[in-house]
Trainee: 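Handing you a structure now.
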Amino acid sequence: MASESISVTTSDDQTIQLSRKHAQMSQTINSMLEDSVGADQEAIPLPNVSSEVLKKVIDWCTHHENDPAPVEKVKKLNKKREYKAKNSTISDEWDKNFVNAELRVIVDILLAANYLDVKGLFELMCKHIANELKGKTPDQIRERFGIQDDLTEEDKAAMRKAWGATKNDS
Amino acid sequence: MSATKKSTAPKKSSPAIKASIKTTANPASKTSTITDRTKVQNINRVVSAKTTPAKTTTSSISVKRSTPTKTEIPKSTENFLDALPIEILMEVLSFLKLQDIARFSCTCREYQELSNHPRYWKKLYSDMLSDKKERDDQFDYKDQLKKGLMRSRLTRTQKRINEKFPTCNTSGEMKKLNLAWTIHLNDSLHCPVNQRQVFHFHNMCTVFCNEIPSFKSPTGEKRLTARAVQSLSVSVRSLWIDSLWNKPIVSIKSMKYNQWKEIDSDDNIIIMDISPDQPHSILIGLWKDKTDETSIHPAPNSELAWIMISVHHAQLLQLSSLQPQFTRMNPHQGDTGYTVYAQIRTAGTSKWSNIFYRVDLKRDAAGRSICLCQNRGRPSHVMEKRLSLPWKAGGFSGTLLDVFFFDIVVLDSANFIVWFHSQAVKLEPSPPEVSSNYDHPDDSIYFKWSVKEQRGRVDGTVLYSADMEQTMICASLKKQQISAGSNRSNVRASAIPPKGLFATTPVFRSAIQSQQQMTSQQQIDRRTRLPLAFADG
């Protein structure tokens with residue numbers, strides 16, 4: 001069988017060693033490894049991930065390496081046919097500390113997790129961003145995420161009206 | 001994923017990074033304490049702050065944020081979320097309540113448009129209808145979601161029926177409902193009046209059902225082959241007297257066979273029953289009185305005009321909790337008065353709610369006229385549940401036209417349900433053209449309602465066409481400002497009685513005409529304001 005260590009090349013041309021176990025937590029790398037069984041153990045290029053971000057990902061993988069494999073939940077039939085938000089609570093203390101980072105980094109990790117297909121990490125980052133959005137007014141969200149306000153006053157008035165009409169909904 | 005490029009600009013690596021990579025990459029480092037790792041993180045954060053001089057301000061703030069202070073919201077100069085493709089963004093939004101999504105969509109034009117994005121509706125479609133099938137680009141998810149929600153109501157009902165009546169026969173995709181009905185058509189000489197019978201028609205032929213819960217032939221013999229009418233609604237109509245042969249003919253149209261079947265007085269109509277324990281059947285009989293228009297009771301030689309049975313699953317299940325009062329049964333069913341319940345409810349509501357219109361139709365002593373009374377009526381079982389349909393939230397309102405379900409229930413004086421119908425209603429932007437074509441008192445039930453809510457006025461028409469065997473509900477939404485300051489939606493209901501119920505008898509027809517004149521003259525006076533907890537009111 002292949003060696004215990006796998007080297008990947010990040011977008012900034014760094015070669016990083018990571019253990020097979022961690023690498024296999026990424027579905028993307030895992031499938032690459034499966035495709036290249038018997039081939040030369042060259043460094044796997046990850047052109048979309050920077051070393052800094054990859055390091056964070058590995059960090060996360062190290063902590064979660066012994067987690068049970070995510071069970072593919074059989075999605076229950078949405079009987080009510082109503083919109084239902086997913087639970088965005090982050091339960092793990094370590095995770096809470098992990099996401100306590102700069103938003104730019106969070107977004108980068110989210111993109112990397114998406115690219116590498118690390119489900120748990122992807123979900124964690126989504127939850128974190130969702131938590132950041134939660135309970136904030138549009139102004140606060142704009143400020144927090146640096147969104148340019150390009151809505152006209154009319155748009156806002158229309159929104160406010162629609163919003164006022166359905167304030168108590170959901 | 002081109003978006004990543006933006007955020008993964010090459011960064012200078014420092015020895016600290018390499019060291020930390022080695023530590024974390026080694027499985028043996030699992031034993032290292034958490035504090036080690038957080039240290040590494042801190043290093044990373046500092047490094048990232050150093051290596052990206054353009055974003056120094058944001059970075060330092062972010063580091064500061066590691067000691068969380070709720071009052072301070074860090075400012076960002078760059079929209080990080082821009083980097084996220086829409087799929088990921090939607091994944092993020094799926095953790096948010098509609099309220100928060102609506103707020104988010106209010107931040108800028110791009111996210112406002114997200115609420116109209118086909119992919120967003122695709123996601124909603126698959127989430128709400130649990131349908132993961134891939135469709136091509138032509139598939140209009142928004143439209144299909146609307147339709148799907150209407151359809152889903154039927155499937156949900158099916159499921160509930162299957163749970164409640166597990167013995168139902170299954171056939172095809174849907175479990176089908178079997179209704180059992182025994183109608184004896186006998187000459188009155190052969191069949192004396194039974195005190196327990198529910199439906200009693202003074203006629204040459206006595207038509208009766210056994211007490212509704214049982215519907216079993218007393219002798220147990222079936223003179224006509226069982227006819228299972230397997231469909232969502234069952235109607236048995238067009239019973240008339242063939243005066244030439246002096247015997248009644250009942251025509252049944254079954255959805256299953258889609259053909260008319262004539263039976264005569266010697267036949268039993270057996271329509272399979274859902275369950276013998278549930279009173280869930282409706283029968284209407286009307287008389288054609290040729291001689292005496294003033295009499296309340298049909299003349300001895302009057303004819304049975306028609307008979308109708310109409311059943312709707314959802315209602316039936318709800319009715320099982322509303323047992324009719326058999327003791328108060330009037331032998332002249334359908335003769336003295338009706339109460340019409342009409343209601344609008346939204347798709348997710350499963351129980352009766354928001355009864356906004358109730359009309360009692362009563363004949364006076366002379367039998368000449370029908371009084372129209374409107375009562376403020378609200379049953380005890382009003383559904384309190386709030387709905388969370390996606391387009392009800394602020395950011396999405398107006399994206400989808402509302403979908404309602406409109407229910408009409410007609411109760412007779414004994415509080416027995418004689419007719420009801422439930423129909424999905426889409427509020428159309430313009431009044432439909434068909435409305436005038438079916439305004440025939442003889443073969444259609446014609447029902448109008450109008451609702452004022454915050455966004456405007458809703459005018460609706462219900463047409464039950466006997467010819468086409470279908471009900472149409474047309475509704476129009478007129479944008480209209482109502483007086484500001486009233487938070488409550490007001491409902492104004494104006495009524496034209498369901499003509500089809502009465503119009504076949506000349507007695508009633510004249511009464512209805514006089515009543516209609518009255519209605520048109522005094523419509524404004526008779527309009528009653530009723531509070532309606534409208535879907536988003």
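Since we're looking at a predicted model, the values are computed, not measured. Every chain is numbered from 1 and lettered A, B, ... according to where its sequence line falls, protein lines coming before strand lines.
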Trainee: Among A/Leu110, A/Asp139, A/Asn131, which residue forms the greatest number of heavy-atom pairs with chain B at distances under 4.5 Å?
Mentor: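 Highest number of pairs under 4.5 Å: A/Leu110.
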Trainee: If you round to the nearest 0.5 Å, how far is CD1 of A/Ile129 from CZ of B/Phe95?
Mentor: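 If I round to the nearest 0.5 Å, the distance is 10.5 Å.
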Trainee: Give the minimum heavy-atom separation between B/Val92 and A/Ala130, together with the two atoms involved.
Mentor: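 Taking every non-hydrogen atom into account, O-CB, 3.6 Å.
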